[in-house]
Amino acid sequence: INIPVGVVAVVLVLRLVPDHRPTQRTLFDVPGAGLLVAALTTPLLGLTLGQADGFGRPVIAALFVVGLVAFVAFLVVETRSTHPLTQLELFRNSTFSAGLISGLFVFTTLGGVLLLLPFYLEDMLGYTTIEVGLLIGLVPILLAILAPLAGAASDRWGTMPLTIGGIAVMSAGLLLMGRLTLETATLGFVLIVLPYAAGLGLFQSPNNSAILGAVDRDTLGSASGLLSVTRNLGSTVHASTPHSQEPTQDPPTQPPDSAPFGHQRATTVRHTTGALGITGGLADPATDGDHVVIVELATFIALPVVAFSVA
């Protein structure tokens, strides 16, 4: 299915996207690109390897140090480069910075939803692979429906009400996901997941509009690149973040209200929330699960709200 979709996308781009060319020729920033790759990949590699081998190993600490040094070097190179990969002055715009921060948190939670829910549906509820795909597909379907409507509404009423409202609805959806059990029916699952998908649909287009609308036309390419980086980084950070180890269990013989499933449910909610994944991973899911959920939800709501208020 990817080939016909790709062909249609190419045709639409050729017909609808304006052929805007830069006013001056620029060179590719090879040193900046290399340092940015190192700064992003080495800490994520350290998080991934640390879960299996332990974070006390020197090689794990070295990966984090390399990432930090590479990031500092990247900032230095970009400030001195005549053709920087990332125009750091864009971050002086509070609207642009707030939009990227909010998007990073939102796509961190999305990474949790897309990562954990398929395992929950197939391994714990016993749905087939096709049924899981159809149920998870509700999220992008509702997103595709609401995103254009939210974009049009933001043109009329502004981006802040819709972005803040979308985050609030998503947070409510994440809280509802904490009620998922081994006895959750199909309709119940749909009703629980739909608020999160609706909030994401309300948030994404207005937030993208705010980010790209805060920069000049000549810097749209750099701004859109940073937007893609934060989106992918959010999803990747969630997958790489240390989490508590869940016990293996056989869903058909495990009572829904048993202690191991309480462990599983609390951990699943923390994973799905994602905004404070490290805190969730360090907490004791048997005793601190509900507290962690409340802290993560409060942080998920508060930080983007504060960011946009400052902007």
Side-chain angles (χ1 to χ4, degrees), residues 12-13 16-18 20 22 36 40 78 84-114 139-140 142-174 195-238 273-276 296-311:
L12 292 176
V13 168
L16 301 177
V17 176
H20 171 66
L36 180 60
L40 294 178
E78 294 304 283
L85 179 70
T86 302
Q87 301 185 31
L88 299 180
E89 61 270 15
L90 293 176
F91 291 97
R92 297 176 182 175
N93 187 308
S94 58
T95 300
F96 177 82
S97 299
L100 289 182
I101 294 172
S102 300
L104 178 64
F105 278 102
V106 165
F107 282 98
T108 299
T109 67
L110 180 61
V113 170
L114 298 181
V139 175
L142 189 57
L143 176 62
I145 295 173
L146 289 180
L149 300 177
S154 68
D155 292 337
R156 181 173 182 179
W157 294 302
T159 58
M160 184 178 293
L162 289 163
T163 51
I164 299 300
I167 288 174
V169 174
M170 290 177 66
S171 298
L174 291 172
Y196 176 83
L200 181 61
L202 292 174
F203 169 85
Q204 187 171 358
S205 292
N207 188 63
N208 292 349
S209 178
I211 292 172
L212 298 180
V215 301
D216 298 330
R217 184 174 182 178
D218 290 337
T219 58
L220 279 176
S222 180
S224 61
L226 289 170
L227 182 59
S228 297
V229 168
T230 55
R231 180 166 54 240
N232 294 325
L233 183 61
S235 299
T236 306
V237 164
H238 182 277
T273 307
L276 291 178
E296 289 183 344
L297 285 173
T299 305
F300 178 61
I301 296 173
L303 287 181
V305 170
V306 171
F308 269 100
S309 299
V310 172

> When you look at Phe203 and Val169, which way does the side chain to side chain contact (heavy atoms under 4.5 Å, CB included) test go after all the steps?
Replying inline: CA-CA 9 Å; Phe203 169 85; Val169 174; over 6 Å; no
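- Remark: Leu16 pairs with Leu12 by the side-chain contact (heavy atoms from CB on, under 4.5 Å) rule, at least two apart or across chains.
- Rounded to the nearest 0.5 angstrom, Leu226 CG and Thr86 OG1 are separated by 5.0 Å.
- When all heavy atoms of Leu142 and Ala198 are compared, the pair lying nearest together is CD2-N, 3.5 Å.
- The main-chain N or O of Ser228 is found under 3.5 Å from a side-chain atom of Asn232 such that the two form a donor-acceptor pair.
- Separation of atoms CG (Leu104) and CG (Leu227) is listed at 11.0 Å; rounding is to 0.5 Å.
- Separating the CD1 atom in Ile211 from the CG atom in Leu90 is a distance of 11.5 Å, to the nearest 0.5 Å.
- For the pair Tyr196 and Val106, the tightest heavy-atom approach, listed with the atom from each and the gap, is OH-O, 3.9 Å.
- Gly166 and Leu202 get closest at one heavy-atom pair: CA-CB, 3.9 Å.
- Between the side chain of Thr163 and the main chain of Met160, a donor-acceptor pair closer than 3.5 Å is present.
- In plain terms, the two heavy atoms of Leu212 and Ser224 that are nearest each other are CD2-N, 3.9 Å.
- Nearest heavy atom pair, residue Leu162 against residue Ala150, reads CD1-O, 3.3 Å.
- Considering CD of Glu89 and CD of Glu78, their distance stands at 10.0 Å, rounded to 0.5 Å.
- For the atom pair Ser102 OG and Ile167 CD1, the distance stands at 4.5 Å (nearest 0.5 Å).
- Pro206 and Thr159 get closest at one heavy-atom pair: O-CG2, 3.3 Å.
- The structure places CG of Leu143 at 7.5 Å from OG of Ser205, a figure rounded to the nearest 0.5 Å.
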> Can you check side chain to side chain contact (heavy atoms under 4.5 Å, CB included) on Val215 and Phe96, steps first, answer last?
Replying inline: CA-CA 8 Å; Val215 301; Phe96 177 82; 3.7 Å; yes
